[in-house]
Q: 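Here it is: the structure, laid out below.
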Amino acid sequence: MQERYDPEAVEQEAQEYWRENECFAAKERPGARKFYCLSMFPYPSGRLHMGHVRNYTIGDTIARYRRMRGDNVLQPMGWDAFGLPAENAALERKVLPGAWTRDNIQAMREQLQRLGFGYDWRREFATCDPEYYRWEQWLFIRLFEKGLAYRKKALVNWDPVDQTVLANEQVIEGRGWRSGAPVEQREVEQWFLRITDYAEELLGALDHLEGRWPHQVLQMQRNWIGRSEGVEIRFALEGREEPLTVFTTRPDTLMGTTYMALAPGHPIVQEISRTNKGLHDFLNHPAQTSEESVQDREGHPLGLNALHPLTGEELPVWVANFVLMEYGSGAVMSVPAHDQRDWEFAHHHGLPIRQVIAPADGSEADLDAEAYTEWGVLVNSGAFDGLSSEEGYAAITRQLSEQGRGESVVRYRLHDWGVSRQRRWGCPVPMIHCGECGVVPVPEKDLPVVLDEALPPEADLPEDWKTVPCPKCGRLAQRDTDTFDTFVESSWYQARFCSHDADDAMLDERARYWLPVDQYIGGIEHAILHLLYARYFHKLMRDEGLVDGDEPFAHLLTQGMVLKDGHKMSKSWGNVVDPEPLIERYGADTVRLFVLFASPPEHTLEWSDSGVEGCSRFLKRFWRFVHQHRECASAAGVEADGLDAQQEELRRKLHETIRKAGHVAEQRHTFNTAIAANMELLNDLMHLSEAGKAEPALVRECLEAMLRMLTPIVPHVSHVLWRELGFDGVALEQPWPEADEAALQRSVEQIVVQVNGKVRAQLELAADISEDELQRKVLDNAKVQRFTEGKTVVRIIQVPHKLVNVVVRDA
RNA sequence: GCCGAGAUGGCGGAAUUGGUAGACGCGCCGGACUCAAAAUCCGGUGGGGUAGUCCCCCGUGUGGGUUCGAGUCCCACUCUCGGUACCA
């Protein structure tokens with residue numbers, strides 16, 4: 001046996017064994033309890049960073065633990081391979097995006113394998129594989145046929161020099177990042193997915209994830225979906241047929257409406273501006289409509305009146321720069337007395353302010369200072385006077401609805417998802433535009449529409465690719481040259497891992513076996529978009545009959561960022577720690593151990609090089625200790641009766657550690673504490689050994705359990721030591737240790753004694769001592785008496801097996 | 001502004017349910033081994049008082065409260081981080 005811990009040799013041996021025996025090849029075993037453990041797949045940037053190492057170590061530790069618990073575990077890995085960096089690299093280095101991406105995948109796969117993660121590599125795929133995106137195209141066509149995918153005009157960032165569309169991240173201070181030219185907003189026809197059809201379900205289902213997903217993530221998704229209940233009201237316009245529709249959450253304030261405000265982009269505003277020079281000038285005056293001017297509450301009257309739906313009163317209609325076209329109908333009923341923005345606008349433009357809500361407690365609202373936005377009691381509201389806001393809300397809504405002028409509606413902040421990207425390195429949109437037939441999907445037999453990887457991204461698409469016969473009428477038609485948002489690929493990869501090689505369907509029965517993902521692990525930065533889109537896609541696939549269940553991820557763990565010197569590791573801060581040299585120097589196990597030990601998974605991790613050293617030392621000491629006690633391997637079971645007090649105490653510690661580590665692995669995932677407990681155990685074991693009391697049977701029991709507890713965390717060391725000690729089987733396949741209740745029992749206990757809540761003494765007492773006896777011993781104790789002398793004992797509080805608190809009062 | 005999370009030694013962090021605050025690790029200090037260094041091992045390490053080991057006081061962002069007892073619960077506040085923002 002190697003006396004010194006040599007990580008390289010150890011890791012080689014373990015990894016070879018796993019590979020040769022295909023230990024991580026997951027097979028469907030109907031009836032067996034399955035566990036699908038998934039870490040968010042990486043973008044193949046070229047090298048792993050610490051965030052990846054952390055993410056994948058957490059995932060692998062959980063997966064290996066579940067396996068020891070007897071679960072049938074699936075842990076796959078793949079590549080989120082489409083995206084902008086590949087196109088940039090292609091431009092900068094004159095390589096092809098596909099080649100660059102696949103080289104990066106190669107390099108990162110090797111790094112992941114070096115870290116010993118137990119992935120089922122047979123299931124690996126990259127989202128740029130045509131066999132993968134083919135099914136994305138297929139599903140998209142299904143959605144199109146169901147009306148869930150549709151086209152509409154939307155604004156894009158257009159770089160007039162590079163003649164290209166830019167992503168939001170590529171627009172820096174209003175200019176194209178590459179050309180430096182001012183970016184224009186252009187209206188372009190784009191594909192959208194009707195995620196708003198699922199808004200209610202996406203929101204409601206969050207409640208069922210409570211306790212399984214971090215609360216923070218649920219709250220962020222709720223806010224993002226942004227449900228609000230209110231009333232849609234139609235105001236008649238003087239001299240016009242079409243009414244003006246507004247949305248309000250406060251119909252109780254309807255009687256306080258004194259004017260109407262429209263967004264600058266509202267069709268009525270646009271129409272009037274053609275004949276109204278003052279309005280036209282206002283709209284084209286950047287000082288009055290730009291984002292910076294919004295705080296100034298600029299506006300302009302339209303010379304148009306709306307009629308109050310209940311009183312018929314004439315209300316002037318204005319354009320106001322703070323009204324958003326994207327929310328609601330782009331128009332609001334303005335109640336300056338009870339909305340702060342309306343109040344500011346009214347002040348600025350001398351519009352009337354009419355109070356219709358009074359504070360419920362009878363106090364006066366100071367409307368000269370600010371709007372009164374609380375709920376209260378209706379006043380100046382005719383027949384509604386005296387009603388509470390809640391009653392007024394209902395009564396006014398009822399009356400509007402009876403008169404056909406309004407009804408209750410639910411609004412969402414969530415917009416439909418624009419999935420068109422005018423990029424090359426992405427999944428082609430499988431659609432054909434025919435002058436005669438309109439938009440026609442590519443027939444299923446012609447899928448996938450393959451991206452020509454040999455074509456540099458800056459080269460024009462060949463005419464014979466762009467122009468094809470219309471599948472319907474046969475006339476020449478144009479292919480859609482856009483690609484999908486890369487979030488589309490990452491919205492269903494978790495399902496495809498189950499059926500990775502299905503070539504006649506997107507998914508098959510295997511997906512029903514494995515899904516949902518039992519534990520998903522990834523960065524908090526994906527709390528909204530990725531996790532919302534993936535939930536949406538799961539529901540789409542469910543409604544296609546492809547998967548069971550309503551949610552893709554049963555449990556979610558969001559790991560914190562890895563910081564260095566208080567900042568996120570990044571090139572611009574120059575504080576990136578490359579995992580590679582650390583693995584080189586200390587070995588994979590030390591790096592794995594450290595990222596788990598340094599902090600709980602959900603916390604941000606402040607990187608420290610010296611911390612790694614500590615973990616390395618622990619493994620070395622452990623290795624050496626095992627080496628020095630090899631003879632224990634042949635020892636028989638521990639005879640509990642033959643142990644002295646110190647040995648008994650150590651054995652108790654062992655079983656406490658087992659209990660703690662089990663709890664951590666099962667529920668809390670605070671692996672730092674489980675590691676600390678094992679470090680303590682090793683320290684105690686070494687002290688026992690120094691005292692000459694390291695009975696082989698006891699040492700064997702400890703080492704066997706420790707190796708099992710450490711197997712998910714430092715699998716290589718555990719694998720080799722397990723074999724070298726000659727224990728049965730392999731570490732990986734061992735059952736997780738169970739704590740022995742009998743060993744946890746104590747005959748003598750340490751009892752803390754407090755007087756008035758302050759610790760004054762500690763007593764060693766028999767565990768089965770009677771209450772009377774205990775009280776007598778406590779009160780007879782000299783240290784206790786120093787604080788009870790001359791006072792009256794009011795009462796004595798006992799926490800069994802732990803603590804006694806003597807409450808005294810001056811006599 | 002709003003929503004969420006958090007604040008514990010020089011540092012990362014412990015302390016399932018209110019019950020010995022500071023486990024474990026890093027760093028630092030002292031010692032052993034060594035010609036020396038590295039490695040390794042041993043001891044110490046919240047602040048203060050009394051100065052030896054016995055003991056006392058203070059201490060978990062700030063100020064209040066509940067309780068026999070509060071890092072943990074309640075109220076108010078400060079700061080940090082994450083998200084989001086004229087959402088009618």
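Lettering of chains follows the sequences in order, A, B, ..., and the numbering in each one begins at 1.
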Q: Please report the distance separating the P of rC2(B) from the corresponding atom of rA76(B), rounded so that it comes out in whole Å.
A: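 Per the computed distance, 13 Å lies between those P atoms.
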
Q: Please name the nucleotide paired to rG18(B) by Watson-Crick or G-U wobble geometry with both distances under 3.5 Å, or report none.
A: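 By the stated definition (distances under 3.5 Å), nothing pairs with rG18(B).
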
Q: Using purine N1 to pyrimidine N3 plus N6-O4 or O6-N4 for Watson-Crick, or N1-O2 and O6-N3 for G-U wobble, both under 3.5 Å, which nucleotide pairs with rC55(B)?
A: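 Across all strands, the one nucleotide that pairs with rC55(B) is rG49(B).
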
Q: Look at all strands and tell whether Ser608(A) reaches a base, only sugar-phosphate, or nothing, counting heavy atoms closer than 4.0 Å.
A: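 The answer is nothing, as Ser608(A) stays clear of every strand by at least 4.0 Å.
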
Q: Within the 4.0 Å heavy-atom criterion, would you say Leu605(A) contacts the bases, only the backbone, or no part of the nucleic acid?
A: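 The residue Leu605(A) makes no contact with any strand.
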
Q: The side chain of Phe787(A) is closest to which nucleotide in this list: rC56(B), rU20(B), rG82(B)?
A: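 Shortest atom-to-atom distance from the side chain points to rC56(B).
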
Q: Can you say whether the rings of His349(A) and Phe345(A) are parallel (under 30°), tilted (30 to 60°) or perpendicular (over 60°)?
A: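 Ring orientation, 0 to 90° scale: tilted.
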
Q: Indicate whether the side chain of Gln750(A) and that of Glu764(A) have a donor and an acceptor atom separated by less than 3.5 Å.
A: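 Short answer, yes.
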
Q: Is the distance from OP1 or OP2 of rC56(B) to the nearest side-chain N or O of Arg760(A) less than 4.0 Å?
A: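 Yes, such a contact exists.
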
Q: Please work out which of the three classes, parallel, tilted or perpendicular, describes the rings of His338(A) and Tyr372(A), given edges at 30° and 60°.
A: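 Rings of Tyr372(A) and His338(A): perpendicular, over 60°.
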
Q: Report the distance from atom CD of Gln559(A) to atom P of rC81(B), rounded to the nearest whole Å.
A: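 Value for this atom pair: 20 Å.
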
Q: Which nucleotide in the list rC42(B), rG13(B), rA88(B) gets nearest to the side chain of Val323(A)?
A: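 Comparing rC42(B), rG13(B), rA88(B) against the side chain of Val323(A), the answer is rA88(B).
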
Q: With C1' as the reference atom in both, quote the distance from rG59(B) to rG22(B) in angstrom, rounded to an integer.
A: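 Between the two C1' atoms, the distance is 11 Å.
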
Q: Taking the side chain of Met220(A) as heavy atoms from C-beta outward, which of rC26(B), rG83(B), rC3(B) is closest to it?
A: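 That would be rG83(B).
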
Q: Applying a 3.5 Å limit to both distances, which nucleotide forms a Watson-Crick or G-U wobble pair with rU84(B)?
A: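 For rU84(B), the partner nucleotide comes out as rG1(B), under the 3.5 Å rule.
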
Q: Please determine if Glu210(A) and Arg212(A) form a salt bridge, counting it only when a charged side-chain N lies under 4.0 Å from a carboxylate O.
A: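 A salt bridge is absent here (no side-chain N lies under 4.0 Å from a carboxylate O).
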
Q: For nucleotides 29-33 of chain B, print each protein N/O atom paired with a nucleotide N/O atom at under 3.5 Å, atom names and distance only.
A:
none

Q: So, is Arg413(A) close to the rA85(B) phosphate, meaning a side-chain N or O under 4.0 Å from OP1 or OP2?
A: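 Yes, Arg413(A) has a side-chain N/O under 4.0 Å of OP1/OP2 on rA85(B).
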
Q: Any side-chain N or O of Arg795(A) below 4.0 angstrom from OP1/OP2 of rU67(B)?
A: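 False: Arg795(A) side-chain N/O out of range (4.0 Å or more) of rU67(B) OP1/OP2.
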
Q: Are the ring centres of His347(A) and Trp343(A) closer than 6.0 Å?
A: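 That pair passes the under 6.0 Å test.
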
Q: Regarding Leu803(A), tell me which of base, sugar-phosphate or nothing describes its non-hydrogen contacts under 4.0 Å with the strands shown.
A: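 Touches a base.
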
Q: Does Arg617(A) put a side-chain nitrogen or oxygen below 4.0 Å from OP1 or OP2 of rC26(B)?
A: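 Yes.
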
Q: Rounded at 0.5 Å granularity, tell me how far CG in Leu209(A) sits from CD in Gln221(A).
A: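 Leu209(A) atom CG to Gln221(A) atom CD measures 8.5 Å (nearest 0.5 Å).
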
Q: For rU60(B) and rA15(B), measure between their C1' atoms and round to the nearest Å.
A: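 Per the computed distance, 11 Å lies between those C1' atoms.
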
Q: With no hydrogens and no angle check, just 3.5 Å: does a side-chain donor-acceptor pair link Glu326(A) and His415(A)?
A: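 No, because no side-chain N or O of Glu326(A) sits under 3.5 Å from a partner of the opposite role on His415(A).
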
Q: Under 4.0 Å, heavy atoms only, any strand: does Thr670(A) hit a base, just the sugar-phosphate, or nothing?
A: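 The residue Thr670(A) makes no contact with any strand.
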
Q: Where the side chain of Ser228(A) is defined as all heavy atoms beyond and including C-beta, which of rC42(B), rA88(B), rU40(B) is the nearest nucleotide?
A: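 Of the candidates, rA88(B) comes closest.
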
Q: Quick check on rC55(B): is either OP1 or OP2 less than 4.0 Å from any side-chain nitrogen or oxygen of Lys783(A)?
A: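 Looking at the OP1 and OP2 atoms of rC55(B), one of them is under 4.0 Å from a side-chain N or O of Lys783(A).
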
Q: Counting just side-chain N and O atoms, does Lys758(A) come under 4.0 Å of either OP1 or OP2 of rC58(B)?
A: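 So the side chain of Lys758(A) is within the cut-off, an N or O lying under 4.0 Å from OP1 or OP2 of rC58(B).
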
Q: Between rU16(B), rC68(B), rU20(B), which nucleotide has the shortest distance from any of its atoms to the side chain of Ile797(A)?
A: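 Minimum distance to the Ile797(A) side chain belongs to rC68(B).
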
Q: With both distances kept under 3.5 Å, what pairs with rC24(B), Watson-Crick or G-U wobble?
A: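 Base-paired to rG12(B).
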
Q: Is the distance between the ring centroids of Phe618(A) and Phe597(A) under 6.0 Å?
A: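 Between Phe618(A) and Phe597(A), which both carry aromatic rings, the centre distance is not below 6.0 Å.
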
Q: Starting at atom CD of Glu606(A), determine the distance to atom P of rU80(B), rounded to an integer number of angstrom.
A: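 Distance check: Glu606(A) CD to rU80(B) P gives 17 Å.
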
Q: Anything under 30° is parallel, anything over 60° is perpendicular, the rest tilted; go ahead and classify Tyr259(A) against Trp318(A).
A: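 It falls in the perpendicular class, over 60°.
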
Q: Quick test: give all pairs of protein nitrogen or oxygen and nucleotides 21-24 of chain B nitrogen or oxygen below 3.5 Å, distance rounded to 0.1 Å.
A:
| from | atom 1 | to | atom 2 | distance (Å) |
| --- | --- | --- | --- | --- |
| rA23(B) | O2' | Glu680(A) | OE1 | 3.3 |
| rA23(B) | O2' | Glu680(A) | OE2 | 2.8 |

Q: What distance, rounded to whole Å, do you find between the two C1' atoms, one in rG43(B) and one in rU62(B)?
A: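 Approximately 39 Å lies between the C1' atom of rG43(B) and that of rU62(B).
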
Q: Relative to the 5' end of RNA chain B, which residue comes earlier, His215(A) or Met561(A), by the nucleotide with the nearest heavy atom?
A: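 Checking each residue's closest nucleotide, the 5'-ward one belongs to His215(A).
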
Q: Roughly how far apart, to the nearest Å, are rU66(B) and rC28(B) at atom P?
A: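 Straight-line distance between the two P atoms is 47 Å.
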
Q: So which of Leu765(A), Val753(A), Leu763(A) actually passes side-chain contact (heavy atoms from CB on, under 4.5 Å) with Leu774(A)?
A: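 Result for side-chain contact (heavy atoms from CB on, under 4.5 Å) with Leu774(A): Leu765(A).
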
Q: Quantified in whole Å, what is the P atom distance between nucleotide rC55(B) and nucleotide rA38(B)?
A: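 Going atom to atom, P in each nucleotide, I get 39 Å.
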
Q: Just the rounded figure in Å: distance from C1' of rA70(B) to CG of Asn805(A).
A: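 So the two atoms are 13 Å apart, to the nearest Å.
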
Q: Categorize Pro600(A) for me: base, sugar-phosphate, or nothing, with a 4.0 angstrom heavy-atom threshold over every strand shown.
A: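 Touches sugar-phosphate only.
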
Q: Do any side-chain nitrogens or oxygens of Arg786(A) fall under 4.0 Å of OP1 or OP2 in rC56(B)?
A: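 True: Arg786(A) side-chain N/O within range (under 4.0 Å) of rC56(B) OP1/OP2.
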
Q: So if I take every side-chain heavy atom of Thr249(A) and compare against rC68(B), rA88(B), rC41(B), which nucleotide ends up nearest?
A: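 Closest nucleotide to the Thr249(A) side chain: rA88(B).
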
Q: Just to be sure I understand the rule, does Glu602(A) reach a base, reach only the sugar-phosphate, or reach nothing, if contact means heavy atoms closer than 4.0 Å?
A: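 It contacts nothing in the nucleic acid.
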
Q: How far does the C1' atom of rA37(B) sit from the matching atom of rA32(B), given to the nearest Å?
A: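 Each nucleotide's C1' atom is 15 Å from the other's.
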
Q: Contact class for Val332(A) (heavy atom, under 4.0 Å): base, sugar-phosphate, or nothing?
A: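 Here Val332(A) touches the bases of the nucleic acid.
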
Q: Would you tell me whether Glu344(A) and Gln340(A) have side-chain atoms, one donor and one acceptor, within less than 3.5 Å of each other?
A: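 Note: Glu344(A) and Gln340(A) side chains meet the donor-acceptor criterion.
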
Q: Using 4.0 Å as the upper bound for N to carboxylate O, is an ion pair formed by Arg222(A) and Asp207(A)?
A: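 Result for this pair is yes, salt bridge flagged.
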
Q: Mind checking the P distance from rC57(B) to rU50(B)? Whole angstroms is fine.
A: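 Taking atom P in both rC57(B) and rU50(B), they lie 16 Å apart.
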
Q: For rC41(B), which nucleotide in any strand shown is its Watson-Crick or wobble partner with both distances under 3.5 Å?
A: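 WC or wobble partner is rG31(B).
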
Q: Below the 4.0 Å mark, does rA39(B) have OP1 or OP2 next to a side-chain nitrogen or oxygen of Arg4(A)?
A: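 So the side-chain polar atoms of Arg4(A) never come under 4.0 Å of the phosphate oxygens OP1 or OP2 of rA39(B).
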
Q: Hey, which sits more toward the 5' end of RNA chain B by its nearest nucleotide, Val752(A) or Asp342(A)?
A: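 Going by which nucleotide is closer to the 5' end, it is Val752(A).
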
Q: What's the separation between atom CE in Met679(A) and atom CG in Asp684(A), rounded to the nearest 0.5 Å?
A: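 Going from the CE atom of Met679(A) to the CG atom of Asp684(A) covers 13.5 Å.
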
Q: Syn if the chi torsion is within 90° of 0, anti otherwise; quick check, which is rG10(B)?
A: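 That one's anti.
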
Q: Quick one: Trp224(A) CH2 to rC2(B) C1', roughly how many Å, whole number?
A: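 Interatomic distance, CH2 of Trp224(A) to C1' of rC2(B): 15 Å.
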
